[in-house]
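First up is the structure itself, then whatever we jot down about it.
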Amino acid sequence: MPGKVKVRVVAGRNLPVMDRSSDTTDAYVEVKLGTITYKTEVYRKSLNPQWNSEWFRFEVDDQELQDEPLQIRLMDHDTYSANDAIGKVYIDLNPLLLPPPTPPHSQRPHDPSQPGTAVMSGWLPVYDTMHGIRGEVNILVKVDLFSDFNKFRQSSCGVQFFFTPEIPAGYRCQNIVGFVEELVVNDDPEYQWIDKIRTPRASNEARQTLFSKLSGELQRRIGLKVLELGGNAVIGYRQYFDLEGETGIVVRGLGSAVTLVRLHYESSTTGGTTHSPSPLREITAQRDLDMLVEARPGSASMVGSPKRSSRSRHTSGCNLMSRSPLPTDADGSKSESGVGGCATVSGTTASTNGGATTHSPTHSGKLASPAPTPGVSINRRSSESDLSITPKGGSLAGSGGSSGGGIVGKGGTLTGVHRPIMTQESFDMLEYPFLTMKTFPIGFILHLGGTVSARSVKLLDRPHTPEEVETRDNWWTQLRMEIRSHARALACNVVLGYEEFTTISDEVCVLNATGTAAVISLHYLDTDTSGGMPGISRSLRDPMTLSLDRKDFEQQQGQQNQQSGKSSCKDGHTGSQACMSRSHPCIEDGFSGEGGSAPSQPPPPTSSSAAPNNPVPVSSPLCAMCHVPYSETSLPFRVKISKCAVCRKGKVPDVIFTTLEPPVGISITGKGCLIQARVARSKRDLKGELNAKEISDSLPFLEYELHKQLINKLKIKGMNALFGLRVRVTVGERLIVGVATATAVFLSALQPPPVPRVTSASSGREDERHRAEVQKLLLTTIARNKEFYGTKHMISDVLVDEMNGARGSDTEDSEDDLPEIDLSSGNKDTSVLELDDMEDAEMIGLLVEDCPPAQLAAVTTQVPPGVSKDSIVTNLQMFTRVWRTKVPATLNHNFFNQYFDKLLQSVYFKVRKLAPCIIAGLQVNVELPEEDELQISLFGMVLGQGFPAPSQSQAVTSSTMSQVGQSDIPLKKAKQDDGEMIFKMEELIPSGEDNTKPRLSQQQENQQPPHPPHPIVSKQSALSITPVPSVPSIPSTASISSSASSARSSTRSRNDPKYLNYHFSPRERYGVEITPLSYIPGARIDCHLGNLNFFFIRESTSIKESGGLSGFMGSFVTEVLALVRAHVAALGGNAMIAYFMSECVLLHNPYKNQGQCLINVGGDVVQVQYTAGSSLHDGSAEE
Amino acid sequence: MLPEVDIFVGNYTLIDQDVYELWVQGYSVGETVSVLQQRGELETWGATLELLASDTADHYRTFGMLEKLLLTPTKLAEEWTFQLEPAIQKMVIEKYYEFDDIVIREIIGKKLSGRTRKDLDDVSEKTGVLLRSCRRQFDNVKRIYKQLDEMNGLVVANIQSIFLLPTVLAKKYAAIVFIVNNRFETSKRKLNYLTFEDFNVCASLMMTTWTTVGPLNPSTNLGSYGRDDTDFDRDFLIELRDFKLLLDREKEHRNVTLSHLRGKIPDRMCSEVENNFKVYSRGIINIGCSLNNSRDMRDFFVDTVEKVVDPCRQSRWKVTELEVFLQVYTDAGSALDIMASNHTLRMTWQRYMNTMRVCVCQLYHS
């Protein structure tokens, strides 16, 4: 009986009129959890009832707590007829079962008087599947968990789930324990016999309830697996609903099980402070001291409860007791040293360290002492080493690593016992070395292999039976094995960014699995100790510091001299580890001494320490990520391999495709851009097995065409790598559609892409002329693209280098297990575009795409590659775009491509007034709901670009550039530069404005000419970085390029500084932010409050009256977002990160004027704090 | 082929001000698109007409949903459905409740009934404002009027708290509510030349001086409870009947007025006053005397124009001269012996004349 849920219904507001005669409602509320239902009184004749109910208590199993949603149903009381339903609220109790977030400062609206209880309260919209939102209800929910240390329990409360595909901000990943997956199978109520006799509302609600339960059950079962593995959290969690129709529903979940450790930091040390480190060194030091462990499984084991982190708050009584000995750590330490002693090197550590072992949840101790004394922090630190008690090898690393780090900090020798984050043995034990994360800390990835994917076509012909789970499990197992063998073929030891998804059409289900094969460092924790991991997670939490991390990287490149004062962030890393081992009482002195010495100590090159037999120069350890992990001779397929352009030692492939985010620190030239390949193949309308075979036969061709398109577009864009690749194959009745969306970048390490050569088989004069034309078009497009994305200089440099045969250093240093490759084997000829028939010609036309409008860009990744993170200052708008049209029976490529082009254009147009901005995290989903219908949905985040960093040259490798060095440049100088720019630009303007002016004069006199939404005249003095290089070159571009691009030049008039309206970091933000990304620019994530996952169904029988399908969908999506916001706020959050929308299924029956839509949304609830004001960037902008 | 579904929904509801204004003005999607096109929106952004149409349709859909909440603006901040930055919330409400003076000028004289609403196409035709916009303005007035009807207290404050309007706009609505509530006659042909602003100024002034909240109202109790500035102060209206006493002393009044007037306005006007004092004075006083009759009250504007403004116009007064004359006339009235003995009468006279003076000048268009 481990849980008590208490619910109080306070009031309702803005309820709908249910009684037409009196224009009021007699509302009451039913509160249901599991099988128990309570009711409030009927509040008569009011649309704003005040129930002020008593506390309804539910005593439930924690298994039930995890599976069952709390259901709040509002009813209208009728004396004579049956009571009518107004609507419902589903509350997922899982976020309330998590350990308390203990925010660094008490901003949390949660009940402060009862720290042991998790509370949720607020106005939640009442939702009805037939009418949408119908008013709001104010409720209070409290959950009291009792400790349950039963080994055989079925619940997994306290395992935290993060949709965020990276180590969540504010946490340190101590151990990656493996890949977890689970699936549950059920009948779909929509297809049960009973559905024939019940109302649509009842049916929809049955489904919503079931989906909610299934997703709770799934999460609980995955949680159990995580606990079994010894982890305490799942990151990169993903959940899929496979609506198979007649055969039922399958809910699947995937994630990476990890051991997370929460970091503590003071609220005073915001991102901004790291910019001016010298006066704040002490604070920074404090913060590092505070980066301490709190509740986690191992620590819980101290009190005999294995793997129960969640209990920390319920044992708060113990904490109170344990708090008192903390200041006198010497005593405490001795008593505990036995426990802490497991760490070999911790002899030094132990004397103080042991102290905390009294009890792990020291965070409560922290709460008691707002200004953490060194003693406290040391105690807490030691609790980390205690964690090593957990059976996993990885957690031993915690202590081993810490001592190693300490030694580094002091002596500068790396003798650490290698206790990797992922030990060889535990790694080998993993059945599937898959990770669902997409972003990794520096040094974690050694080599990127490439994208691997596997598909399998299955026939769903039998209804579900109890064994059905096994069948599905087997299906996926097969796929995973295939993926694993692909990865091995690439000589990779792990698949990152792993995903599994399905597409279902009638009885055929296509299973897809995909990921990026890579080689990771099994000795990762070494680098962690010396500053990798904590830095990363912090930097991801706060974009402002990321630049510092980049600077760290630069520092690694050998510019350590000037750093010492500034790299407080760096200090942080080393410092944090250093202080781990610092056991002597004179912390303050010790620290400052250490802090000073740390930066001068070159961090051990990640890859060299990890793979000593494979030494990579310190100067550029990160280009190693691009080096091929396999030897050329053993390749199962043809890859062109050449010398790494950065180190000139390693070997790199000609292109790299990955599903990941661009790794931090990887060297990128120019900017990234969106690339999309779309292929539609028609198929015969068959049934059953024949259909499956048809699809199965068609898929390889589809795949091939997608790949070809991607490669060709990549070349034309002048790029050589893809990140954030997302391939979606959709099967319909008459069509199979494949869409690959990715962000193309130019990796400095890879060779520049060869210019495609156009050939024509026939030799007629006409053909030859045509061929020449096409070739010319290609060349101009490539030139334009290079200019636009800033890859030009680099390419030419490299080319020159190559022509000179500058293979300078590639002598004995080159990796000897990889054979030399022959550079003379003509690179250029490999890319040939054949021009045999009309279709080919058409294809080339499609390849030549326009650049996105100036000041706007789109990428699929979280951070636009090649754009300084400093220049992204704020979130502007998260958008959902759904578009559906009838398609002609024979869909040719041209048509199909146009749909996407237009859609992208329309998004650009939509956000035009927000420019300068970048659309990040763009996702595209395609559905084929009917034989002749195509539905494309996309969503993404519009990021606002701020005042450009002064004097930035775009042509240089911008990603690796650190902004910090420049930020001190006097503003005057920058303004001068910009002044000149403006002058140049205005010269260009007239051509654009001449057209518009006469029109303006014709307008009615009361209408104003178009103006930017908020013209900020004073801010015009500078231009954004991104377009600057391209702008002065417009005339030249226009003159050479074909009509397509000259048409564009007129649009460039929006470059007019009048329209430029730079964004600023918000000091605070109104309402609830929702973002598909895992960070919020200009804000710091203070705490994670759990994950939410909703499945909404909306049905209407008056589609025409509600503004057609568009009106229906528009209001539904709006309401879904409103519901999400309300739940986020009720949990005490002010933002949702890693937001996703999947399964946007829209069914429509125009003859019945009826429509139904299903949407699955979710994300991580967080509380963020906006850091503007303290940031240097903002300060300079507002000068 | 037109797409079946074409939506763009954001987490924050961003309002395109240009489109919103056109929507408020009653333009349809198509009309708005062509207006924006004429403004050069396509050239500026390099887009096709299709994109503009889709964008505009999206905005209109949002506005359509937003409109439901705009009817009760407090819900806009309360409900989760639309996440609007506070500044945008304010802007959206303000724009929605803004009105065209010419349209309101037509509406205020009529009953706020469904029938009037149906006849709004006449108004639309006459004013050149789109019918949709006329309807919105009519509905806004009716909604505010109905809501305020049930409430006590200061109209402006009530409007501001319920409809979250800026003070300037709230004051205008208060005047409208006042005019509608007292059913002033405004649509007589004679009054055609008057603008909404004329009525607004007069009504606002009456609200502050002639109602129960008026500062000169001796019966005003200190607490705000029960005060209402939509209804006239009955006691005051009854006291106005005592102005008959002034008629008996018309000669004295005239002499005092003239003696103070000399030198302040041209001699020609002085002699005009000398000759026609009776007309002006009787006009003004008779209006006051009859105000306690609600029928006469309704005809306040008609009577004022007929009995005071028209004679003035015939004698070609300049507004500044008229102001001086009325001021002197008022002061002369206060200085009469009869006033010295009857304090209440003097207070009433001043309370009446201070407002009347401004009203006459406002209604006098030279």
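Chain letters run A, B, ... following the sequence lines, proteins first and then strands; every chain starts at 1. Values in this document were obtained by computation on a predicted structure and should not be read as measured data.
- Across B:Lys75, B:Gln83, B:Glu79, the residue that shares the most heavy-atom pairs under 4.5 angstrom with chain A is B:Gln83.
- With no hydrogens or angles considered, a side-chain donor-acceptor pair links B:Ser113 and B:Thr116 at under 3.5 Å.
- Contact of A:Ile1074 with chain B is made through backbone and side chain together, with heavy-atom distances under 4.5 Å.
- Of all the listed residues (A:Ser1115, A:Gly135, A:Gly132, A:Gly1107), the one sharing the greatest number of non-hydrogen pairs under 4.5 Å with chain B is A:Ser1115.
- With a 4.5 angstrom heavy-atom cutoff, A:Leu876 touches chain B only via backbone atoms.
- For the set A:Ser906, A:Pro125, A:Ala1126, the count of heavy-atom pairs under 4.5 angstrom toward chain B peaks at A:Ala1126.
- At a 4.5 Å heavy-atom cutoff, A:Val1124 makes no contact with chain B through either its backbone or its side chain.
- The minimum heavy-atom distance between B:Arg105 and B:Leu194, with the atom names listed, is NE-O, 2.6 Å.
- Judged as a ring pair (Phe, Tyr, Trp, His ring centres under 6.0 Å), and not counting sequence neighbours, the contacts of B:Tyr97 are B:Phe163.
- At a threshold of 4.0 Å, the pair B:Lys110-B:Asp119 does not count as salt-bridged, since none of the basic side-chain nitrogens sits closer than that to a carboxylate oxygen.
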I'd like a table of donor-acceptor pairs (distance under 3.5 Å, sequence neighbours excluded) in which one partner is a side-chain atom from residues 52-65 of chain B, with atom names and distances.
{"residue": "B:Ser54", "atom": "OG", "partner": "B:Asp6", "partner atom": "OD2", "Å": "3.1"}
{"residue": "B:Asp55", "atom": "OD1", "partner": "A:Lys910", "partner atom": "NZ", "Å": "2.5"}
{"residue": "B:Asp55", "atom": "OD1", "partner": "B:His59", "partner atom": "NE2", "Å": "3.4"}
{"residue": "B:Asp55", "atom": "OD2", "partner": "A:Arg912", "partner atom": "NH1", "Å": "2.9"}
{"residue": "B:Asp55", "atom": "OD2", "partner": "A:Arg912", "partner atom": "NH2", "Å": "3.3"}
{"residue": "B:Thr56", "atom": "OG1", "partner": "B:Leu52", "partner atom": "O", "Å": "2.5"}
{"residue": "B:Asp58", "atom": "OD1", "partner": "B:Phe8", "partner atom": "N", "Å": "3.3"}
{"residue": "B:Asp58", "atom": "OD1", "partner": "B:Arg61", "partner atom": "NH2", "Å": "2.7"}
{"residue": "B:Asp58", "atom": "OD2", "partner": "B:Phe8", "partner atom": "N", "Å": "3.2"}
{"residue": "B:Tyr60", "atom": "OH", "partner": "B:Tyr27", "partner atom": "O", "Å": "2.7"}
{"residue": "B:Tyr60", "atom": "OH", "partner": "B:Thr32", "partner atom": "OG1", "Å": "2.4"}
{"residue": "B:Arg61", "atom": "NH2", "partner": "B:Asp6", "partner atom": "O", "Å": "2.8"}
{"residue": "B:Thr62", "atom": "OG1", "partner": "B:Asp58", "partner atom": "O", "Å": "2.9"}

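- Residues B:Asp100 and B:Arg136 are not paired through a salt bridge, judged by the lack of any N-O separation under 4.0 Å between the basic side chain and the carboxylate.
- Taking A:Leu124, A:Val942, A:Thr1118, A:Leu903 one by one and counting their heavy-atom pairs under 4.5 Å with chain B, the maximum is reached by A:Thr1118.
- By number of non-hydrogen pairs under 4.5 angstrom with chain B, the leading residue of A:Gln877, A:Glu1119, A:Glu933 is A:Gln877.
- Only the side chain of A:Val911 comes within contact range of chain B, judged by heavy atoms closer than 4.5 Å.
- Of the two parts of A:Glu1073, the backbone and the side chain both hold a non-hydrogen atom closer than 4.5 Å to a non-hydrogen atom of chain B.
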Steps toward ring pair (Phe, Tyr, Trp, His ring centres under 6.0 Å) verdict (B:Phe196, B:Phe99): CA-CA 11 Å; B:Phe196 169 71; B:Phe99 54 77; 5.5 Å; yes
